[in-house]
Amino acid sequence: MGRAALTERLRYNVEMLCETFAAGRFQCNCSIVADPATREAIVIDPGGETARIAAIVRANDLIVAAIVHTHAHLDHIYETAAVKQAHGGSVCLHPGDRPLYDAAAVQAAMFGWAPPTMTSVERWLADGDTLRFGAHGALVVHTPGHTPGSVCFEIAAPGERTRVFAGDTLFRRSVGRTDLPGGDAGQLRQSIKDKLYTRDLDALVIPGHGPTTTLGDEARANPFVRAA
Ligand SMILES: [Zn+2]
Ligand SMILES: [Zn+2]
């Protein structure tokens, strides 16, 4: 592409860069979302694939502004320290999951995984916070139930489809399990109905595991939680 065309693309703020891939033994969906103009990016749930994350960061010349977590189950935080070490960025978590984060070694023992290297949380998230990356922002939506500190990240941009990174709260035609410590099935249903099905139903949902869906499809057809 010629320089003029490139300048044009930048001026009109081409689509956000967004890459999602399954990482680690539990195939947690890790995402990198970036502002194409400023190259600032957030990394969501680096449960593995540190090298792949580095390759994407290098190929797109990205600056990692934040490493954010939908919750602190081990498969979503396993390589946070390695990504932090390689790229910087402030490590963010909802305080409801602080006990789980602090017990990462216990979680690893439960799964039979090697204990992870840990790094401290630098920003504690609250419902309604916005995490800025360039001209864009990820809105923090607290959706307890799968874990007490589970959050979803909503990213909206003019002319683009809204994306909701739902962690293990909502899956395509399923929901997160609530039988682990801190889980609460009633709370999960309430979170999905009140905090997710009330948003833009055309929003694309990128769950913590498995294929994407939309809020509208789940509101209509999720066998576990239907819209009220
Ligand atoms: Zn989980
Ligand atoms: Zn998970």
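Counting starts at 1 for both ligands and their atoms, in listed order. Fair warning: this is a prediction, and the values are worked out from it, not measured in the lab.
The main-chain N or O of Val164 is never found under 3.5 Å from a side-chain atom of Glu154 such that the two would form a donor-acceptor pair.
Neighbouring protein atoms of the Zn ion (ligand 1) (N, O or S, distance under 2.8 Å, waters ignored): His71 NE2, His73 ND1, His146 NE2, Asp168 OD2.
In this structure, Phe26 has its ring center under 6.0 Å from that of Phe111.
Atom CZ of Arg189 sits in a sparse spot, with 12 or fewer heavy atoms from other residues, nucleotides or ligands closer than 6.0 Å.
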Which atom pairs, donor and acceptor, lie under 3.5 Å between side-chain atoms of residues 53-62 and protein residues at least two apart or in another chain?
residue: Asn60; atom: ND2; partner: Ile56; partner atom: O; Å: 2.9

Apply the test side-chain hydrogen bond (donor to acceptor under 3.5 Å, both in side chains) to residues Thr70 and Asp45: give CA-CA distance (whole Å), side-chain angles for both, the deciding distance (0.1 Å), then the verdict. CA-CA 7 Å; Thr70 57; Asp45 288 350; 2.7 Å; yes
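To the nearest 0.5 Å, atom OH of residue Tyr78 and atom SG of residue Cys30 are 15.5 Å apart.
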